[in-house]
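Input: a single structure, listed below in C-alpha cells.
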Amino acid sequence: MRHSFVIASLLCCLGSAASAAPPPPGDAALRAAAHAAATYRTELINSLGKMVSFNTVADKAVPFERNAQHLGFKQYLKAEAERLGLDYTDHGYVMVIGLGSGTERVGIITHGDIQPVDPSKWKKSPFELDKTSEAGRLIGRGTEDDKGPIATAMYAMKAIKDSKLALSKRLELYIYMAEESDWGPLTEFLKTHQAPQVNITLDAEYPVVTAEKGYGTISVTVPAQPPAAPDTASLSAFGGGFFGSQIPEDASATIDKVTPELEARIRQRATAQGGMRYTFTRQGQQLLVKAQGLAAHSSKPEDGVNAISMLADALSVQAWPNSTAGAMVNFLNDLIGTSMYGDKFGAIAYRDKFMGPLTVAPTVIKQGEAGISLHVNLRRPQGKTTEQLTREVNAALAQWQAQRVALADVKVEITEPWLQKSAPQVPTLLSVFSYYTGIKNPRPVSIGGGTNSRLFPNAVSFGPAMPGTVYSGHSEHEFITVKQLMLNLQMYTAVMVELAK
C-alpha cells in the first residue's frame with residue numbers, strides 16, 4: 001500500500017458498460033453455484049477454521065522462509081488443493097492454485113497474511129474460528145481479510161471441477177503472503193511471472209471496485225521537552241493505538257497536578273462524546289485517563305471511533321503547557337481534532353466526486369526516552385497532485401512548529417490514487433452481483449483501501465464485503481456471517497464460470 005502508481009482515467013466505455021443492464025448469468029454458472037452452496041457449506045467452514053488457526057502476521061524477528069506459522073499455512077493450502085483435485089505451485093511468497101489449462105487465464109487474487117491482533121479483546125482466541133459466541137457469525141482473524149475469500153475461492157473451483165464444465169480458460173487462485181506488510185516480493189515476482197490476462201481481487205467490497213485512494217503517512221516526533229512549572233497542571237504521558245492501518249481503539253493520558261475542578265471539566269467533555277468509554281484513576285494529584293473507542297480499518301475511519309482523537313479532544317478543556325505529552329496533545333487538537341477529513345490541517349482538505357474525501361487519522365502514538373512519536377494515516381483521492389498535497393502538509397507542519405515546538409523525524413510519504421482504465425469483466429461481475437443480491441443497476445465504486453489489483457493487468461476487486469456494511473477486517477472483532485460466506489461462494493462460482501467458459 002505504500003507504493004506509487006500512475007493515475008489513469010476510467011474509460012468512458014467502462015461507465016457505459018456498467019450503466020447498461022447486463023444479461024443474467026448463464027445456466028451452467030447457476031448450476032455450478034447451486035451445487036457449491038448445496039454441497040460444500042460444512043467443508044468450507046471447516047477449511048476456513050483451519051486457515052484461521054495459523055497466525056500469519058508478519059514477524060520482523062523471524063524471516064518469512066523460516067516462519068513456522070506461514071510455512072504451516074502453505075502446507076495446509078497444498079494439502080487442501082490436492083484433496084480438492086486442484087493443482088498447486090509454490091513460488092515462495094506466492095502460491096498459485098489452478099484448475100484447467102490454456103493460454104488464456106483468469107486470475108483470482110488474494111492474500112494469506114493478516115494484520116496484528118490483540119487477543120485480550122476477543123471472547124475466544126482470534127486464531128480459533130468462533131462459531132458460537134454470536135449467532136450466524138464466524139469470528140476470527142482473517143475471516144473477512146483474507147482467509148475467508150481464499151477458502152471460498154477454493155471451494156468454488158472444486159464445485160466447477162465437479163460440474164465437469166468445458167472451460168476455455170484456466171482459473172488461477174493467487175495467494176500472496178505479505179500483502180499487509182510488504183508489496184516488494186509480489187512486485188518482483190510479477191517481473192518474471194506472466195500474470196493472467198483478466199484478474200479479480202477478493203479483498204475489498206462489492207459490487208465492483210474500480211478505484212482506490214492513495215495511501216499516505218505523516219510521521220512526527222515531539223522531542224523530549226522540559227517539564228512544566230512544578231505547580232502547573234500538565235500532561236506527563238500520552239499514548240495509544242496498535243498498528244498503522246487500524247483506527248485506534250485505546251488511548252491513555254497521565255495528568256499531573258490535577259485539581260478537582262479540572263478533572264470535572266475533563267469528565268464532562270468526555271461524557272458528551274458518542275461511542276467512547278472512559279476510566280479515571282486518581283493517585284493524589286495525578287490522574288490517569290484511559291479511553292476506549294472502536295477499532296476499524298483506517299481506510300474507513302467512519303466505521304470506528306478514534307480513541308486518540310477523542311481523548312485529545314476530552315483534554316482540550318484548557319491550553320496545556322508544552323511538555324512532551326502536552327505538545328503532542330496540542331498538535332492533535334490544533335491540526336487534527338475529531339474530524340476525519342483534514343479540515344484543521346492547513347489547506348490539505350479536499351474531495352473527489354467519485355473517490356470521496358481525503359481522510360486523516362492518527363493511528364499510533366508511542367512514548368520513549370527521545371520523545372513521543374505519532375503516526376498519521378492518510379487516504380487521498382484524485383484531485384490534487386502528490387507534490388501539491390505534500391507541500392500543503394509540510395506548510396501546515398511548519399506553521400505549527402513556528403507557533404509551538406520544533407518537531408523531529410518528520411516524514412511525509414504520499415502515494416498516488418489508482419483508477420482502473422481497462423476491465424472487460426466489469427459487466428459480468430455486476431450481472432452476477434445483481435442476480436444474487438437482487439440489487440438493481442449496481443455501479444462500480446471507489447474505496448479508501450489499497451489492494452493488489454494495482455499490480456495485476458485488467459484487475460478490479462469483487463467483494464467480500466457488502467456495500468453499506470461495516471468492514472470488520474483490521475478490527476478487534478473480525479468476522480464474516482455464514483450467510484455472507486455462502487452468498488460469496490455462489491457469486492465466486494458463477495463469476496469464475498462466466499469468465500472462463
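Inspection of the Asp59 and His70 side chains reveals no N or O donor paired with an N or O acceptor under 3.5 Å. Using modelled atom types and a 3.5 Å distance limit, the side chains of Asn452 and His111 yield no donor-acceptor pair. Side chains of Thr363 and Gln246: a donor-acceptor N/O pair is absent below 3.5 angstrom, by distance only. Neither side chain, Thr110 nor Lys147, offers a donor N or O lying under 3.5 Å from an acceptor on the other. No hydrogens or angles considered: a donor-acceptor pair under 3.5 Å links the side chains of His297 and Ser299. With hydrogens and angles left out, the side-chain atoms of Asp118 and Ser120 include a donor and acceptor closer than 3.5 Å.
For Tyr93 and Phe189, the distance between ring centers is not under 6.0 angstrom. Ring centroids of Phe479 and His477 are separated by less than 6.0 Å, placing the two rings close together.
A salt bridge does not link Glu80 to Lys78: none of the charged side-chain nitrogens sits closer than 4.0 Å to a carboxylate oxygen. Salt bridge annotation for Lys121-Glu249: present, with a cationic side-chain nitrogen under 4.0 angstrom from a carboxylate oxygen. A salt bridge links Glu43 and Arg83; the closest N-O separation between the charged side-chain nitrogens and carboxylate oxygens is under 4.0 Å. Salt bridge Lys384/Glu392: present, at least one basic N to carboxylate O contact under 4.0 Å. The pair Asp130-Lys123 does not meet the salt-bridge criterion, since no charged nitrogen lies less than 4.0 angstrom from a carboxylate oxygen. A salt bridge links Lys300 with Glu205: the distance from a Lys NZ or Arg NE/NH1/NH2 to an Asp or Glu carboxylate oxygen falls below 4.0 Å.
In this structure, the side chain of Asn306 engages the main chain of Ser309 through a donor-acceptor pair within 3.5 Å.
Between Met51 and Ile150, some side-chain heavy-atom pair lies under the 4.5 Å cut-off. Residues Thr152 and Leu44 form a side-chain contact, since some pair of their non-hydrogen atoms from C-beta on lies under 4.5 Å apart. For the pair Leu173 and Met157, the minimum side-chain heavy-atom distance is below 4.5 Å.
Between Tyr492 and Tyr206, the ring-plane angle classifies as tilted under the 30° and 60° cut-offs.
Within the structure, every pair that satisfies the ring pair (Phe, Tyr, Trp, His ring centres under 6.0 Å) test and touches residues 157-176, not counting sequence neighbours, is listed here: Tyr174-His193, Tyr174-Phe456.
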